[in-house]
Structure formats: C-alpha cells, structure tokens
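The block underneath contains the structure these notes are about, expressed in structure tokens.
Side-chain atoms are counted along with the backbone in the values below, which use heavy atoms only and exclude waters and symmetry mates. Note on naming: letters A, B, ... go to the chains in the order of the sequence lines (proteins, then strands), and numbering restarts at 1 for each one.
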Amino acid sequence: MMEHKSSSNFLRNIILEDLKSGKADHVVTRFPPEPNGYLHIGHAKSIILNFELADEFKGKTHLRFDDTNPAKEDTEYVESIKEDVQWLGYQWDELFFASNYFEEMYNRALLLIKKGKAYVCDLNAEEIRKTRGSLTEPGQPSPWRERSVAENLELFEEMRSGAFKDGEKVLRAKIDMASPNINLRDPVLYRIAHASHHNTGDKWCIYPMYDFAHPLEDAIEGVTHSICTLEFEDHRPLYDWIVRECEMENVPHQYEFARLNLTNTVMSKRKLKQLVEEKIVDGWNDPRMPTISGLRRRGYTPEAMRNFAREIGVAKADSVVDTKMLEHFIREDLKLKAPRTMAVLKPIKVVITNYPEDQAEMLEAENNPENPEMGVRMIPFSREIYIEQDDFAENPPPKYHRLYLGNEVRLKNAYFIKCNGIVKDESGKVIELHCTYDPETKSGTGFTGRKVKGTIHWVDARQAAPAEFRLYEPLILENETDDGTSFLEHTNPHSLEIAHGFVEPTMKTSKSQDKFQFFRHGYFNVDPLHSSADHLVFNRIVSLKSSFELPK
RNA sequence: UCCGGGAUUGUGUAGUGGUAGCACGUGUGACUCUGAAUCACAUAGCCUAGGUUCGAAUCCUAGUCCCGGAGCCA
C-alpha cells in the first residue's frame, strides 16, 4: 500500500536548521532501550521517529542497549527488542551495548576526578536524599565533598576492585548543591553493585548511572541528535555538563518530545508488567496488550503502525491519541490486502426446505471485490447452512433489514431466501429456521426481478470448519484519573470474549498470522499460539465500522 | 512555593508577521450483493487580557491553567 508521508515537526525543523547553520553536517540518531521489558507502541513511535529522521537526511541510526543496571536487565529482552525493531521494518546501521563502553566510561570518570569535578562520597542513600534539599531549598554539601584528588582516585579504584559493599560509597559529580535544578546537586555517577551483568558478567561491581552513561554513549557513537522523552528535559543541563567536562570529541545534543498516550490504554512498562504478573492478560504478547508483540499477535501490520506514527506527529505538548486513529490505519492497510471470506461467529441453523436433500453445488465468490487481482474461490452450498444469530429476529426492531418471518434477504454469493418458519426448543429459544430459496436469484446471474434490503453471510453446514473466535474490547475502561484509584480497578472484565462458530472449508489451510476480512464482521488474524489445523483460532484485529447498532 | 516545559475544532497535528490547513472522529446524502468501502457535503479551533503593526496563532507585557522534576531507576 502507499505509505503516508509524515508532516513537518519541530525535530525535523531543528535538524534542518542545524544542517543549514553548519552546527551539524550529518545526522546520527539512536534508539536506546534498556533491555528490561518488552517494547510497546510508544517505543514504536520513537523507533519510527529516529529511523525516519535519519533516513530523511541520509544519516544513520544505531540500536543501542542502555544496559547499565544489571539488576533489571536480561538477554531475553535484548532478543525481543531486536525482533520488534526489525518487524517494524527497520535495520539499524550499528548495534551497540552501553556495557561495552564501561572501561571508557571509567576512564572518563577518572578524568573528572583529576579535574576536581567528581568525588567519592561515603554518605548512604538516605543521607544523600536528606542533604539534597527540596524543590524550594538548596541542598547541603556532603562532608566528603572536599576530599583530595589523590584520595578520590585511590578510593574510586578501590570501589572498582571490590573493596566495598553495595551502597557503601558512590562517585558523585561536584557541581552545585544550591542549583535550582536538582539534577545538578552533585548527582551520583557510579554506584556499587555486586551483581552479574547479562553482557559483562562479573567483570564489574561498579555501574554508571544513566545521567553519566547516556551522554557518553551518545558522544562515543557520534550521535548528533539524541532524542528522548519529556521527563529528561530537566536532565539536559547535566547531559551537556558531562559531555563538556569529560572532554568528549563529539558533542551530541539532546531533544525531547512528548511520549505517546492512547485512550483506554496504559503505556508504562511498570503497569504493563503488572497486568502480566497479576494474570489479567496472558503474557506480554496477549493481543489486548499495546506491546509490539501483542499488536503483532492481534494482527496489526508494520505498515499500519508506521502510517499511524506518521499521522499522529511529534510535539512537546502532552496528549492522548484516540485509539480509533490506530484502528483506522489497520483497516486501511488490510482493505486491499486481506481476502474476504465468510465466518459465522454465533451460528443458528437454517434449513432451506425447497432445496433437494441430496443436492449440493459450488458457488463462485470474489476474494476481494476492491482488489480483483486476488481472484475468486468456490464455496459449497446445500440444504442446510448456518447464519449469524444476530441476522435473524423474532421481533425485528425498526429498520431491521435482515431475516425475520416473511422477510426475504440475499445470501452473499448465493440465493435469496425467505423465512417461513421457526423451530424452538422447550425453553422457547429459537434453534432453527425454515426458509425457502428462489433458484432464479442465484448470484451472478444478473437477476433483477426484485430487490432485498439485506445481504447476509452464511456457511454450508455440512462442510464448514469449526473455529474459535477471540473478540477483544479495550482492556482499560476509563482513562487515568487523579482520584488515587489504581488503574487495575478500571480494567474491563469483558475485554476478551470467545465465540465458537464456523468458517468456510478453504480456511482449514490458513496459516499462522494470515489475515482475513470476515464478511460484515471485521479483520481477523490467525493466532500464532493457539491456532492449529484441527483447531482454528482467529483473533479479531478490529471490527468493521457500522452505522447500525442492534438494540440491546 | 523553586526550576524546566506546554496550551490551535471532539482528538492528534501543521502553520514561525499576510485567506488557519491536514488526518481521525462525528453528522447528512449518493451508491452498494459487506448497515463496510467509496464519493459528495457538512461540522467545529488559535487559553485570557492588554500592547506593537496596515495586518498577530505567530512579536512584546501581564495573567490563567496543565505537565515534569527531590532513585545509589532509565
């Protein structure tokens, strides 16, 4: 399909100006996830932004794992992140791990110490917090702030060699305890953690903090435009300080944009993790999750996600994008790609009383009327078929165009049928319909003798394949409020509905991740985990829009 | 309260001194072997108040409201 062009945004304008003014003569961006969880659609926005910005200016984009905290990170996440980035359609020019720079970072820390810009502090976490001051009051200098360079050097080397326990000492930058920007009040640069790291193993027992590590990583890699989210805005002066004082050759610049929020969705790793751990969903790739792996399993395509990301734009104002926008782009992408087929989700049997019992025929059906190149298929038809329960009403509501006693409708790709009788069980529930068909009205014959208001879908009762359908509703009912309630109280108990019905016989050969439009229902994806040849499972990606609502 | 940001139709986003545009949504009609799609039309906006200017969403002044920041997390 045609890819949408993204509209102008402030980051593009900045790059344009930088190139024009000579502040930069090329562009290098990076996507720097911490491998401590799965990527979600908010990350997709960042990935698409970074890769496309670089691409537009013939630059490069690195994938860099920001793995400076061994306690939280794991190679499992490294692999899933790589997979998700590639699935989205991007290939990094370079793959880096921050942990591979640990020696370089250590040397830069040494430089800071020698310049009198960093010191080893013996205060514990609690004491550091207490002396940091508040939003309105300055902090107090640490009693260890004036240690000699020689002593600092010796102590820092001992920290590295494992002479101290976790938390016993830290390395701090010596900046300004009275700064109105709290990030500048002698921030911690290194902490001691006797933990083994997914990449460096037990080589290190001191690990750099984000504020120290990130600017160095960008500088080492020659990143020109370091794009991050708004909450790091306050860190920018520190970022610049580190690059300057560590005397880095390349000088990257940090720019911040607003993270993505979607209606009826939570987007923080912490909350998503909670949904997984409290078993509200079935893992990180549950089709209800806004994770890239969840959306993929639901049936979203990379094209739809890219077009969505381009359309929502990039800005600095906090915002919440309507999920309908995302849905629009998957419908648009699948419209010409997905074959149409008929599926009855909640079946009721119809007996066509004037159709000979021993007869059957094959009828031709277009695979996609909007895309004739997709050809045709043959579908079986005989005396007994299934239709959708909702397509029959004993007491039809106003403007009901479907089947009811005495009314005639078209069976898609087949004949007109008229309802003459209903069969009920002891409880009074309608369990079967008796109809008659008109052979004159066969689809494709150009019959114009009379018109019907409704066309309904169906499957042949003898040959249809049983199938399971998973219908999703938003996981979160209300958007976050400030009333102090946990978002878990707003989860939708009916976010998953499982239906059992039938699909056309040709669907038996469908493969994992195949996508279809079930006539009049919506777009569905073959579930990669639960579907098999003898037990078909389809995830509803998104329903079709409908201007008619059945009254409850 | 200190520091840093932000405010353009219902939602998201362009516009950087010269007709406020795009997308989604919503509504109406046409068409229809999908109550879909498509097509047509409609819908509605510059936070407030002053000022500069022939002319302000844009520049200036003063407000208002919203978001972020006090991890040895990122």
Side-chain angles (χ1 to χ4, degrees), chain A residues 4 6-9 13 32-34 36 66 68-69 71-72 121 123-126 128-130 132-139 166-172 179-185 187-193 207 209-211 213-214 228-237 256 258 260 263 269 307-308 310-329 331-332 335-336 340 342 365-366 369-370 399-402 409-414 416 441 443-444 451-457 517-522 543-550:
Chain A
H4 293 230
S6 64
S7 62
S8 173
N9 66 61
N13 293 341
E34 182 186 16
N36 70 342
D66 202 5
T68 57
N69 185 357
K72 295 190 172 180
C121 181
L123 258 29
N124 63 35
E126 167 88 13
I128 287 182
R129 183 167 52 77
K130 276 188 180 157
R132 189 152 28 220
S134 73
L135 294 176
T136 50
E137 296 156 325
D166 288 6
E168 216 174 311
K169 284 179 167 48
V170 290
L171 182 73
R172 289 227 251 171
S179 172
N181 182 341
I182 292 176
N183 296 303
L184 264 19
R185 320 240 260 234
V188 173
L189 266 23
Y190 267 94
R191 77 282 219 183
I192 299 170
Y207 292 93
M209 299 290 291
Y210 169 87
D211 280 320
H214 209 88
C228 64
T229 42
L230 251 27
E231 69 270 26
F232 294 103
E233 217 161 5
D234 292 332
H235 296 241
R236 196 170 59 227
E256 311 84 16
L260 171 67
T263 55
K269 262 186 204 171
N307 285 331
F308 168 74
R310 293 178 188 124
E311 191 58 48
I312 58 173
V314 186
K316 292 194 75 159
D318 295 311
S319 61
V320 184
V321 176
D322 196 332
T323 302
K324 287 190 165 94
M325 183 90 85
L326 216 209
E327 296 178 344
H328 163 78
F329 284 103
R331 287 192 189 102
E332 184 195 61
K335 185 173 60 190
L336 298 180
R340 267 60 162 170
M342 294 193 282
E366 284 177 300
E370 293 185 80
K399 300 200 173 157
Y400 190 79
H401 297 163
R402 310 173 192 179
V409 299
R410 181 195 300 275
L411 292 176
K412 174 73 181 170
N413 297 126
F416 286 12
T441 60
S443 182
K451 294 215 165 197
V452 288
K453 278 264 178 65
T455 299
I456 65 172
H457 59 275
Q517 187 201 93
F518 289 157
F519 219 72
R520 300 207 301 140
H521 278 299
S543 65
L544 255 26
K545 291 202 291 180
S546 176
S547 55
F548 178 79
E549 289 294 329
L550 221 43

Legend entry - Base-pairing mate for A36(B) - Watson-Crick or G-U, with both contacts under 3.5 Å: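 When the pairing criteria are applied, nothing turns out to pair with A36(B), so the answer is none.
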Legend entry - Watson-Crick or G-U counterpart of U64(B), or none if no pair lies under 3.5 Å: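 Partner of U64(B): A7(B).
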Inset, instruction - Taking the six-membered ring for Trp and the single ring otherwise, decide whether the centroids of His235(A) and His214(A) are under 6.0 Å apart. - result: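 Ring-ring flag for His235(A)/His214(A): false, centres at least 6.0 Å apart.
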Inset, instruction - Assert yes or no for the condition that the ring centre distance of His328(A) to Phe308(A) is strictly below 6.0 Å. - result: no
Inset, instruction - Inspect the contact between Glu256(A) and Arg236(A) and indicate whether a charged nitrogen and a carboxylate oxygen are less than 4.0 angstrom apart. - result: yes
Inset, instruction - Hey, can you tell me if His521(A) and His457(A) have their rings parallel, tilted or perpendicular (30° and 60° cut-offs)? - result: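 Aromatic pair His521(A)/His457(A) classed perpendicular.
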Inset, instruction - Report the glycosidic orientation of G71(B): syn if within 90° of 0, anti in every other case. - result: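 You should classify G71(B) as syn.
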Inset, instruction - Check whether any side-chain N or O of Ser547(A) sits under 4.0 Å from OP1 or OP2 of A36(B), and answer yes or no. - result: yes
Inset, instruction - May I ask you to verify if any side-chain N or O of Arg191(A) is less than 4.0 angstrom from the OP1 or OP2 atom of A74(B)? - result: yes
Legend entry - A23(B) base stacked by His328(A) (centroids within less than 5.5 Å, tilt under 30°):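 No, aromatic ring not over the base.
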Legend entry - Under 5.5 Å and under 30°: Tyr210(A) stacked on A74(B): no
Legend entry - Given U16(B), G35(B), A37(B), the nucleotide with the shortest approach to the side chain of Lys335(A):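 For Lys335(A), the side-chain atoms sit closest to A37(B).
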Legend entry - Atom P, compared across U8(B) and G12(B): separation rounded to whole Å: 8 Å
Inset, instruction - Establish whether the base of G35(B) is bridged to the side chain of Arg402(A) by a donor-acceptor pair shorter than 3.5 Å. - result: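 Such a pair is found, so the answer is yes.
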